[in-house]
Enquirer: 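Please find one structure pasted underneath; my questions will follow.
Being a predicted model, the structure only gives us computed values, none of them experimental. Sequence lines set the chain letters: A, B, ... in the order given, protein chains first and strands last, and positions in each chain run from 1.
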Amino acid sequence: MGHRTLSLGLVFRALFLDSEAFDELRDDDNPFIEGLFLIVLIGLVTALLSLAGQFLAWASVPSVEAVRDIVLETLQQQPWWSSLAASPASLETFQRTWDMAWRVFPAMFGAPDPASAAMNLLAWPVWLILSWLLYSLLAHGFAAWLGGRGTLGGTLGTVALAFTPFLLRGLGFVPFLVVGGVLNTWQLILRYKAVRSAHGLPWPRALAATLLPYALYLAFWLMTSIALALVLGLLVGR
Amino acid sequence: MKTWLIDILDALLLRSAAFVRVAARPDAFFHGLLVILVVALLGGLPVAVRDVIDGFGPPAVVEPSDLRSDLAESLAALRPFLRIGGVPESMLDQILNQVEDSAIMAGSIVTRLQGADTAFPRPLAQGLMALGGWLSKPFADSPWPLAAATLATWLGYGVWVMLVAKLMDGRGTLHGFFGATAYFAAPHILTIFAGVPGLGGILSAVAWVWGVVIYVAATAASHRLSLGRAMVAVFVPILVLLAVLSLLVLPIGLLALFSGGTR
């Protein structure tokens, strides 16, 4: 059984940009295991807290069915409704569109849904692990290419600490609280510190190694979008 | 706590010693985070308290007649834009009437939703909504860089300023820079008066300008740059952003102008 470096104090020190916290995890005897444990814990704890928030939010707003009935009754009071109702074909089209819209809109507009939030207990840890592994591998590759001397285990450990801003998602236990995109910026700053700590690179190279995986993601999504657009264009044009 | 308040006061008075002191602290980032959180939450407190109190009253009712009179001015202001957009004169009234009808319908839906049953009693449900909205304040977006005491502008704009400062041989650390620049949020405590008619807008503008001046001074102190170089570091990102936006928007505007002119 190896020495355990990870602690709540270390997590908070990393969250608040303490470089030594990253160095400590880098120098652990098994930073990969420590990182994996941290990532799973972040995913589970935040999902659990968000589930509590979703339940409170669900109990604070009218049910989706009640909202749907109110909107429909209001539409039926509009002057144009009588002409729509007079045509069975138009009414059937409306009903079809209406039913489909109410299957999509509540989730799209963030209606509280404890059932979906419960699924996050599985989805968030899995998504975080995949995101952590992919980013760590890419960042390690780019850092090594730029002259970094770090190990893959060290990169995995320090990058795991860069996921700590996701803990703020745990504030989701307060219903209707919106944390927003600041977590991504915070995480980017921590990823830079993680790569720099793991590889001991000067700041311009550490910054490049931090950002190059994002450039690769962007290139991948652009190419996928273009390929999809071409396929769709071919299918429609047939 | 006393030292903290003295530092904030010194920062408000642009005494560079305050920025140097906080930048040298190992917990500078946490210190800065606290400044943003406290200011954002205090600024949002009056609205949160009003919302909680409203929760104990009857549901709000949006009267169609009130909405119609409120809308009249907005619709009148919309008319010239529709003309510029090339909408034929004969269709203007029809479109504006449809907009008005839709707004009144939305008002009616909101009124009925306010009175709809919830699992929690109304005061508790409204209180939770007010709490969530209030605690979201530090995480909100800022309409312009440094225009509000939020984490998004502090970190989001800060990374660009940090990069430019480093390129200009700035010697600050990440945690020191963010700790010092967080004081830009201190004047935004004035947003506590945002609801005062006439005064709110002026105070917000004063807070913004004051905050930007503090931000420049903090950048200079934390990176050991001259004030002139710090100003370049602070304003280059916004100038680049404006240049990129104008490169994107200008061709679209010219295209719209010429396509409208050929009709």
Enquirer: For A:V174, is it the side chain, the backbone, both or neither that has a heavy atom under 4.5 Å from a heavy atom of chain B?
Expert: side chain
Enquirer: Heavy-atom distance under 4.5 Å to chain B: side chain of A:L183, backbone, both or neither?
Expert: neither
Enquirer: How long is the gap from CD on B:E100 to CG on B:L71, to the nearest 0.5 Å?
Expert: 6.0 Å
Enquirer: For chain B, which residues from residues 107-117 of chain A have at least one heavy atom closer than 4.5 Å to it?
Expert: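 Expected list: none.
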Enquirer: Side chain from CB out, backbone as N, CA, C, O: work out which of these in B:L167 comes under 4.5 Å of a heavy atom of chain A, or both, or neither.
Expert: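 Both the backbone and the side chain of B:L167 come within 4.5 Å of chain A.
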Enquirer: Looking only at heavy atoms and a cut-off of under 4.5 Å, which of B:R112, B:H175, B:H31 has the most pairs with chain A?
Expert: B:R112
Enquirer: Tell me the residues of residues 187-197 of chain A whose non-hydrogen atoms fall below 4.5 Å from those of chain B, in number order.
Expert: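 Answer by number: A:I189, A:Y192, A:K193.
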Enquirer: Could you state the interatomic distance from CH2 (A:W145) to CG (A:L212), rounded to the nearest 0.5 Å?
Expert: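 Going from the CH2 atom of A:W145 to the CG atom of A:L212 covers 6.5 Å.
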Enquirer: So do A:Y135 and A:T210 actually touch side chain to side chain, heavy atoms under 4.5 Å?
Expert: yes
Enquirer: In the structure I gave you, are the side-chain heavy atoms of A:R169 and A:V179 within less than 4.5 Å of one another anywhere?
Expert: no
Enquirer: Is A:F12 atom CZ crowded by more than 12 heavy atoms from other residues, nucleotides or ligands, each under 6.0 Å away?
Expert: no
Enquirer: Determine whether more than 12 heavy atoms belonging to other residues, nucleotides or ligands lie under 6.0 Å from atom CZ of A:R205.
Expert: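 No, CZ of A:R205 has 12 or fewer neighbouring heavy atoms, counting only those of other groups under 6.0 Å.
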Enquirer: Measuring heavy-atom distances to chain B, does A:T185 have an atom under 4.5 Å in its side chain, in its backbone, in both, or in neither?
Expert: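 A:T185 touches chain B through side-chain heavy atoms alone.
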Enquirer: Would you give the length of the straight line joining atom OG1 of A:T164 to atom CZ of A:F166, rounded to the nearest 0.5 angstrom?
Expert: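 Answer rounded to 0.5 Å: 10.0 Å.
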Enquirer: Specify whether B:F177 and B:Y215 have parallel, tilted or perpendicular ring planes, treating 30° as the upper limit for parallel and 60° as the lower limit for perpendicular.
Expert: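 If you compare the ring of B:F177 with that of B:Y215, the planes turn out perpendicular.
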Enquirer: Do A:W186 and A:L168 come close enough that some side-chain heavy atom pair is under 4.5 Å?
Expert: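 Sidechains of A:L168 and A:W186: in contact.
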Enquirer: Please identify, among A:V178, A:L207, A:L177, the residue contributing the most non-hydrogen atom pairs under 4.5 Å to chain B.
Expert: A:L177
Enquirer: In Å, rounded to the nearest 0.5 Å, how long is the span from CE of B:M168 to CZ of B:R229?
Expert: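 These two atoms lie 4.5 Å from each other.
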Enquirer: Evaluate ring pair (Phe, Tyr, Trp, His ring centres under 6.0 Å) for A:F55 paired with A:W58, printing each intermediate quantity in order.
Expert: CA-CA 5 Å; A:F55 177 74; A:W58 170 81; 5.7 Å; yes
Enquirer: Parallel, tilted or perpendicular, judged at 30° and 60°: which one describes the rings of A:F94 and A:W98?
Expert: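 The arrangement is parallel - the two ring planes meet at less than 30°.
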Enquirer: Is A:Q78 in contact with chain B via its backbone, its side chain, both, or neither, using a 4.5 Å heavy-atom distance?
Expert: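 Only the side chain of A:Q78 comes within 4.5 Å of chain B.
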Enquirer: Tell me, side chain or backbone of B:K137 under 4.5 Å from chain A's heavy atoms, or both, or neither?
Expert: neither
Enquirer: Can you say whether the rings of B:F178 and B:W154 are parallel (under 30°), tilted (30 to 60°) or perpendicular (over 60°)?
Expert: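 Geometry flag for B:W154 against B:F178: perpendicular rings.
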Enquirer: Who among B:L163, B:L124, B:L135, B:D117 has the most heavy-atom pairs with chain A under 4.5 Å?
Expert: B:L135
Enquirer: Do the non-hydrogen side-chain atoms of B:F139 and A:L171 ever get within less than 4.5 Å of each other?
Expert: yes
